[in-house]
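Data block below; observations after.
Because the structure is a prediction, the values reported are computed rather than measured.
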Amino acid sequence: MISRRDFSFVLPLAAALPTMTLADTPPDDELLWLEDVQGERALAWVRERNAESEALLQKQPGFEATRARIRAILDSRDRIPAVVRRGPWLYNLWQDEHNPRGIWRRTTLAEYRKREPAWETVLDVDALGRAEGENWTWGGAVAFGPEYRRVLVKLSRGGADAHVVREFDTVAKRFVDGGFVLPEAKSEVDWISENEIAVGTDFGPGSLTDSGYPRVVRRWRRGTPLAAATTMFEGRKTDVAAGVSIDHTPGYERTVFQRAVDFYRSEMFLLQGERLVRLDKPDDAELSFWKSRVLVTLRSDWTVAGRTWKSGSLLVADAEAYLRGDHRFEALFEPTATRSLAGMTATSDTLIVEILDNVAGRLEEWRPVDGRWQRREVAAPFPGTLSAVALHDPELAEDPLADAYLLQYTDFLTPDTLSLGHVGRDEREVLKSRPSFYDAAGMRVEQRFATSRDGTRVPYFVVWPRDAKADAANPTLLYGYGGFEVSMQPYYSGVVGSSWLERGGVFVLANIRGGGEFGPAWHQAAVGANRQKAYDDFAAVAEDLIATRVTSPRHLGIEGGSNGGLLVGAVMVQRPELFNAVVCQVPLLDMKRYTQLLAGASWMAEYGDPDDPAQWSFISRYSPFQNVRAGVKMPRVLFVTSTRDDRVHPGHARRMAERMRRQGHEVLYWENIEGGHGGAADNGQRAQMTALEYAFLRLQLGR
C-alpha cells in the first residue's frame, strides 16, 4: 500500500449513490468465514472460483500464445538487470525460466558495461528452497560496510511481507554459523557494528503496533539470545511503526529513531551519546541528513525563522546549526502549479533533484560552491520518466564513483535505457538498453485533460495503437491509482504492448488526485473526507474518453490494484453505466473492516477511521462492499488476489466477489496461492495471472 489526506468538504455525489437494503446485503457475519485465509471451507471456495475463471478464460482464442509471450518477455535475458552498489560490486536479483525464485548475484562495473557480463552467483534462492523444503522468495539484504561481507538476508515464504532474517557471508557464500537469525515477522534491521544490530520485530505481546509492525527497537549483541536484547527506542501501540536509521559515513555517524505516528506524520529523534534529542520539524515533513547538511521535504507550509516555505519545497541547512536551533534554510526546489518534487539522490558533493513537469521528468543538480548553492539543469530525454540513482558509497574513504550516477529513461513507446552519468556533465555512457518487445511503428501518445465534477483539470495519457481512429469502438483499458502521493508516470511495458496495443487496444493512464503528480496538494485534495474526488476524477476521464469517441461504454474497461483496486471497485459501483469490464487486483473493498485486517490500521491517515461515526459517514458513501446492490446492471468484474498477501487481506476480494455473486452479478475470481501483495511469486505465476486478465479484457471489450 501507499498514501495521503484532506478533510474540507463532504462529497456532493453522496445523495445520488445507491442505498443499501437488507434484501440486497447479507449480514457481514454470513461472509466472514471467507476471511479465514487458510481455512478449508474458504480455500474450497477459492478453488471452485479459480476453476470457473480458468475454464472460461483459458479457452479464449490466443490464451496460450499470450501466456507464452508474456512469460518470454518476463524471462527475457535482454532485460536491464537492476543493480545496487556495495563497495566494488554491483548486486542484482535475477529471475528467469531457469531461476523462477531468483539468483542473487554480483559483478563489477567493468563487467556490467559488457553486453554479456560475467556474473558471480552469491545465493541461489531456488536451490535454497529445494534444500530446505521452503517456498522462499527474495526479500532483500542489509549489508555491513565498507567490506560488505556480512549481510542480513530477508527471505519470505511465498512472497509475503513477513520474512525471516538470516546472517549471510558473501565471501564464503553461506549462512553464518551462530549468526543473527530472526523468525518470520515484519521485521526491520540495521547494523550498529559488526557484532551488534538494531532490531524491530515481534518480541511477543505488546511489541507490535495496531498495524502489525514493530513498536520496539532493541540492540542485539552477537552470541546473546534475542530475549536479552536491550531496548533502544519505543513507539506507541497506535503508531504505524517504530524504526531506526544508522548512518556510518565516516565523520558523520548518526543514529536516528522514528515514530511513524501515521502514514504521513512522524517524530524523529537523534541519538546523542545516551540521550535522544527530538528533531524540530513539522510532523508531516520528511527529514534526512546528508553529511554536514540536513534536508527537509515539506508536505505543508512551514513558517520558520521569519519565513514561510511552501508545501512541496525541498530545503537545506547546515546540520550543526540546525541542531543548535538555527533554522535558516535555503530552498533547492519550490513547486509551481505544474512542477513538483519527484525524488532526489546524493553523490559525494552534489544533490540530483528529480522534478515532474506536467507529469514528465526533468533533472537538476545542486552543489555548494564557495558557500553558495549552484543550480544546473541536466540535459536529458524529455518528455518521459527519468530516474537517477547515485553510485557513491559514502563509507569508502576513496571512492572512484564519488560523482557517478545511473540514469534511466523510458516512455510509453520507448524501451528503458540505462546510462552512466557524472555530475557536471551531460555526456553519458549507455550501459544497457531494453529491446523493443513489440512493434510500436505507427503508435502515438497524447496527453489530454478531463474536467472533474468540481472543475479541476485532470491530466491523462492516451496510447493509441496503429491505425486507430476515434470511432467509439476501440477496446480501451483505463488504469489508475490515485492514492498515497504515488505518481503515475509514463512507462514502457512489453506486456501491455504485445498483449493489448498490438492487438488494437487503446491504453489510458489517469493522473487523478490522491497521487503525487502535482505535489502534496494534489494528494491531499483526495484524502479522508475528500476521497470521493479521486473517484470523480477517474469517472471524468472515462466520460471524456466516451465524449471524444476514443471509446464507448461497451468497449471501456478499468483496472487498478491495491488502493487502485479500491478505486475501480468504488467507481464500478457508483458509475456502472460507464464500463463493460473491471479488473480489480489485490483490492481494499470493505472499508468498514479494513482497519481490522492485516496492515489496514496503518492507512487511516489516507482514508479515515471507520470506527469513528463522523468519519464513517463519508467512508460509508464510497465503500464498495457496503454500496454494491442487486437489481443494478453492473459491468462484469474479475477479482485477482493472493492467498499470501499479508498486506491487503484477500478477504476483501473474496467477500466482495461472493456478495456480488449472491446478488446475481457476473463475477470472475482468481486467487494465486502465493505472491504476496504483488499477486505472484515468480514469472510463471505472473504470466498466468496477466494472461487471464487480458483474456478477460478481450472477451469483454473486443469489437
Side-chain angles (χ1 to χ4, degrees), residues 1-11 13-14 17 20 25 27-29 31-32 35 186 206 208-215 235-242 258-267 282-284 299-300 481-486 513-514 520 523-535 562-567 569-570 573-574 586-628 646-649 651-653 655-656 677:
M1 285 295 300
I2 322 194
S3 64
R4 289 331 163 215
R5 135 176 66 88
D6 187 327
F7 298 84
S8 60
F9 115 79
V10 177
L11 54 149
L13 185 62
L17 293 181
M20 293 184 297
T25 309
D28 284 1
D29 58 10
L31 297 178
L32 287 180
E35 290 183 0
K186 295 182 180 180
L208 299 179
T209 66
D210 291 339
S211 300
Y213 295 104
R215 186 189 66 81
R236 298 175 186 170
K237 188 173 182 292
T238 54
D239 293 343
V240 171
Q258 177 171 288
R259 280 185 60 218
V261 179
D262 59 31
F263 211 94
Y264 306 105
R265 296 184 303 128
S266 66
E267 294 180 357
D283 285 352
D284 63 352
R299 283 203 185 100
S300 57
Y481 186 79
F484 297 93
E485 208 173 316
V486 173
R513 283 174 288 184
H523 164 251
Q524 293 164 6
V527 240
N530 285 342
R531 194 78 203 167
Q532 182 61 37
K533 290 185 179 181
Y535 311 141
S562 191
N563 172 76
L566 171 60
L567 165 71
V573 171
Q574 294 178 13
V586 291
L588 290 106
L589 292 167
D590 182 354
M591 299 304 288
K592 181 63 176 174
R593 289 181 53 74
Y594 87 93
T595 58
Q596 303 172 46
L597 300 172
L598 299 176
S602 65
W603 309 318
M604 283 196 287
E606 183 80 3
Y607 305 119
D609 182 358
D611 293 330
D612 178 340
Q615 296 184 58
W616 176 242
S617 69
F618 57 77
I619 298 171
S620 64
R621 300 181 185 189
Y622 69 77
S623 179
F625 186 76
Q626 278 72 32
N627 283 288
V628 68
D646 57 351
R647 194 181 312 177
V648 176
H649 200 291
H652 283 279
R655 292 172 62 234
M656 184 72 170
H677 193 50

Taking the side chain from [X] and the backbone from [Y], do they hold a donor-acceptor pair closer than 3.5 Å?
X	Y	value
S617	A614	yes
E267	R259	no
S620	W616	yes
R513	A525	no
R647	A599	no
R215	T209	no

Out of curiosity, [X] [atom1] to [Y] [atom2], how far, rounded to the nearest 0.5 Å?
X	Y	atom1	atom2	answer
Y622	N627	OH	CG	11.0 Å
R265	D239	CZ	CG	9.5 Å
D609	D262	CG	CG	12.0 Å
L589	S623	CG	OG	8.0 Å
E35	Q596	CD	CD	8.0 Å
M604	D611	CE	CG	8.0 Å

Nearest atoms (heavy-atom pairs only) where [X] meets [Y]:
X	Y	answer
P610	T595	CD-CG2, 3.6 Å
V586	V648	O-CG1, 3.8 Å
Y607	L566	CE2-CD2, 3.6 Å
P624	G569	CG-C, 3.7 Å
G483	R531	CA-NH2, 3.7 Å
A601	S211	C-OG, 3.3 Å

For this session: Check step by step if side chain to side chain contact (heavy atoms under 4.5 Å, CB included) holds for Y213 and L208.
Result: CA-CA 5 Å; Y213 295 104; L208 299 179; over 6 Å; no
Exercise. Once the angle between the rings of W603 and Y594 is folded into 0 to 90°, is it parallel (under 30°), tilted (30 to 60°) or perpendicular (over 60°)?
Worked result: parallel
Exercise. L567 and Y481: side chain to side chain contact (heavy atoms under 4.5 Å, CB included), yes or no, with the steps?
Worked result: CA-CA 7 Å; L567 165 71; Y481 186 79; 5.7 Å; no
Exercise. Cationic tip of R655 within the cone over F625's six-membered ring, i.e. under 6.0 Å and within 45° of the normal?
Worked result: yes
